[in-house]
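Inspection log for the structure reproduced underneath, given as structure tokens.
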Amino acid sequence: MSELRFKALIDSQKRGGKNVEEKGRRSEYFGSHVFNEDKMRQFLTKDAYESVKAAIFSGSKIDRKIADQVAEAMKCWAINMGATHYTHWFQPLTGATAEKHDAFFDLFHDGRALEKFGGGQLVQQEPDASSFPHGGIRNTFEARGYTAWDPTSPAFVYGTTLCVPTIFVAYTGEALDNKAPLLRALNAVDLAATAVARYFDKNVSKVSATLGWEQEYFLIDRALAMSRPDIVMTGRTLIGQTAAKGQQLDDHYFGVIPSRVLNFMRHLEMECTQLGIPVKTRHNEVAPNQFELAPVFEEANLAVDHNLLLMDVMEKVAEEHDLKVLFHEKPFAGINGSGKHNNWSLATDTGVNLLSPGSTPMKNLQFLTFFVNTIKAVDTYEELLRSSIASASNDHRLGANEAPPAILSIFIGTQLSNVLDELEGVSKGKLSPEEKTELKLNVVGKIPEIMLDNTDRNRTSPFAFTGNKFEMRGVGSKTNCAKPMTILNTIVAKQLNDFKKEVDVLIDTKNLKKDEAIFNVLREYIKTSKRIRFDGDGYSQEWEKEAKKRKLSNNKTTPEAIGILTSKESSALFKAMNVMSEVEVKARQEVELEAYIMHLQIEGRVFNELVYGYVIPAAIAYQNVLLANVSGLKDIYGEGFKQLAESQMAIIGRISEHVEALKTKTDAMVNERKKANVITGSKAKADAYCHKVKPYFDEIRYHSDKLERLVSDAHWPLTKYRELLFVK
Ligand code: ADP
Ligand code: MG
């Protein structure tokens, strides 16, 4: 091992001993840093409290006087908590969060100092955020964007800053962020699902989408991670011979959590608890140094904010433990990558989970209604849903035999498949009394109340029903959940609207009873959405063939996948559901394409640096050692050296071959990159990066990894996989 690497490794063992004491019972300090209901009751007048509650429940406007009161109360509370600054916290299209801090501190006209934070500052801000991606919506010369308070996600104090969750919009009204479209989609699904839920219970006046994400990530010693230019610049290793031992022994999965990691987790969970993020489970994942964290599910907007906040907090806490978190979907070749399952359901304000089977046939009819409509929605818009999880980094993972393929399908298990099959056989139009009884007792009535433990589990399905919720499994570990959640809730909203119309027509014109009408429409949906249901092995080649026959989309790369965003059907959908205008959708597509290009561009540059700056010099240095050895042998043994130097000569030759190949491939890649860079039009440019530049990456890696095996460990300059992945 090279001296430098050896020293780094030994140092890494000395770090991270930081022990963390529990602050007490978590239930006692849960949300202590959040301006939540409790604090609102405590700090707000009754009028102000009710006004904020109404805004949360129905989206009603908060008038300026009330906003002043809320701001004053928030300020007092936050200063008490040690805050000195405030920020509007928002989600630009980069996928991360952004903030711009301002001090509460201000001056009176006469120069005296005060702490100031009024309704104006709470409700609206104008960050000079002109460098955020906007896909052409906002010309820097014309209009600036502004952030506006989202009262449905409570403000919180993080460190010494009061953070106010906000949307980010252009003055012309277009959303420049991921939150505004999400809020619109959640509103659409609320209206649509409430109308349908009222077939079953007139007391329902609001339906919220719920989201429970599961965040996977890698933890690496910080200094070792920093020693790799590729991890620093791209979040993943671009080259690296896989370690002798990967995940084949399954000894990491659910294994004992190393104490250094445990300290990190405990610290992280304490921070999360204060911030009101209801973290619940932690465990080792499949790959070495890979872990997962999952909270109790929440209303979707809040859950999205909490996931973004979590990712931020994770990075900060990791730093304190000399660790680095990798959120990249595929940081290491040869072992599993990371995803972020999105568990999703719909809940009424009467406390019912609409995707949970109940104890009576009527409750089960309600369950089936939402269940079948979700299936139908995913069937109609499978390609659009797939587009919502597309990114350069997630392309590495989808379909890589560790994650669902790029084909969307739904797994529902045998029991529910049987129920749907039976429902499909129900006759059209009016039902005879016998048929009705049969249906209620033997079909709908047979669905067990608690499906959770009864559902067979299929880990290869991208969209699986897991007892009382659907689980979307293709979401990338880095992805902002707002993206898939916006699309999923929009398509379900549209579907439920269509359903309601169809049922009402049958009731009004065909004289059918409500449940007969519902059965009739559901039966049609079951028939027409069959192709999306698949219970087999989603990772298999046969499924790819079968899916093609079923005309399901299979868009393997991001440029392909996001084309659908601007199709006629998608535009019409977004418009009808008031989620995005054509301009907003186009802008998002543009931003995604640009992000894709930039990611590959950076990777290409880093490849170049690694090959010329590290790999080739190391190979040549070691080759020189061999050459010296050979010429030494020749000096001493004369012609007899040939026999003695056979192996050395062979290795010298192989090194030269790989160096030659590396140079050729890298230069060719750079050349393609130059050609791609001058292409105008982001789609054509992204395509060039995808099909002309990217294919070289694997080839370069191949030769570099061969050299890593040939070159002496002492000469290898880059921290190796085994050093990155097995350090406790
Ligand atoms: P897995 O078997 O996929 O690891 P887990 O039991 O770890 O599943 O996680 C289940 C996830 O589902 C949790 O994050 C939980 O909060 C979430 N969840 C449970 N019920 C709902 C629901 N009604 N809506 C949304 N998410 C839910
Ligand atoms: Mg899961």
Side-chain angles (χ1 to χ4, degrees), residues 30 182 185-186 189-190 193 197 204 206-217 250 252-255 257 265 269 272-273 276-287 290-311 336 338-358 363 366-367 370-371 374 378 402-404 410-413 449-477 479 481-482 484-486 488-489 492 538:
F30 178 71
L182 172 69
L186 293 174
V189 87
D190 171 14
V204 174
K206 184 179 171 74
V207 172
S208 306
T210 52
L211 165 65
W213 40 261
E214 303 162 53
Q215 179 72 54
E216 290 182 335
Y217 60 97
D250 274 336
H252 185 68
Y253 192 42
F254 280 67
I257 301 174
M265 285 178 171
E269 286 166 5
C272 287
T273 305
I277 308 172
V279 288
K280 194 172 162 70
T281 27
R282 48 157 113 125
H283 59 79
N284 288 2
E285 260 304 322
V286 177
Q290 189 189 27
F291 307 92
E292 181 186 294
L293 181 148
V296 178
F297 69 91
E298 299 175 284
E299 183 280 320
N301 177 41
L302 193 57
V304 166
D305 281 359
H306 278 165
N307 179 249
L308 289 166
L309 180 58
L310 169 95
M311 290 168 79
N336 276 10
S338 304
K340 178 151 59 198
H341 294 174
N342 276 202
N343 296 274
W344 170 89
S345 189
L346 293 169
T348 66
D349 58 337
T350 53
V352 173
N353 174 355
L354 291 168
L355 286 173
S356 188
K363 282 186 186 150
Q366 170 173 287
F367 158 70
F370 286 92
F371 180 67
T374 305
V378 174
E402 56 171 272
I410 302 183
F411 169 85
I412 62 171
E449 192 176 345
I450 304 294
M451 293 259 341
L452 274 182
D453 301 323
N454 299 330
T455 37
D456 23 355
R457 297 220 155 186
N458 180 330
R459 290 275 159 200
T460 67
S461 174
F463 201 90
F465 185 71
T466 48
N468 59 359
K469 62 191 182 291
F470 279 100
E471 179 170 8
M472 197 170 165
R473 299 214 183 99
V475 186
S477 45
T479 305
C481 303
M485 282 298 115
T486 297
L488 180 59
N489 288 295
V492 170

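For ligands, and for the atoms within them, numbers begin at 1 and follow the listed sequence.
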Pair Gln290, Asn336: side-chain N/O donor-acceptor within cut-off below 3.5 Å: no
Asn307-Gln215 side chain donor-acceptor pair, cut-off 3.5 Å: yes
Nearest neighbour of atom 12 (O) of ligand 1 from the list Asn343, Leu354, Leu293, on a heavy-atom basis: Asn343
Closest to atom 8 (O) of ligand 1 (judged by heavy-atom distance), picking from Glu214, Glu299, Arg473: Glu214
Ligand 1 N/O within reach of Phe297 N/O, cut-off under 3.5 Å: yes
Heavy-atom pair of closest approach, residues Val204 and Asp349: CA-OD1, 3.7 Å
Atoms in ligand 1 with a heavy atom of [X] nearer than 4.0 Å:
X	result
Glu471	3 (O)
Val296	16 (O)
Trp213	14 (O)

Partner of Trp344 under side-chain hydrogen bond (donor to acceptor under 3.5 Å, both in side chains), chosen from Asn489, Thr374, Thr210: Asn489
Check if [X] has a non-hydrogen atom at a distance under 4.0 Å from any atom of ligand 1.
X	answer
Arg459	yes
Lys280	no
Thr281	no
Ala347	no

Asn353 contact mode with ligand 1 (heavy-atom cut-off under 4.0 Å): side chain
Residue portion contacting ligand 1 (non-hydrogen atoms closer than 4.0 Å) for Thr466: neither
Aromatic ring pairing Phe470/Phe465, orientation class (parallel under 30°, perpendicular over 60°, tilted between): perpendicular
Nearest-0.5 Å distance, CG of residue Leu211 to CZ of residue Phe297: 10.5 Å
4.5 Å side-chain heavy-atom contact, His341 and Glu216: no
Stepwise salt bridge (Lys or Arg N to Asp or Glu O under 4.0 Å) check, Glu214 with Lys340: CA-CA 5 Å; Glu214 303 162 53; Lys340 178 151 59 198; over 6 Å; no
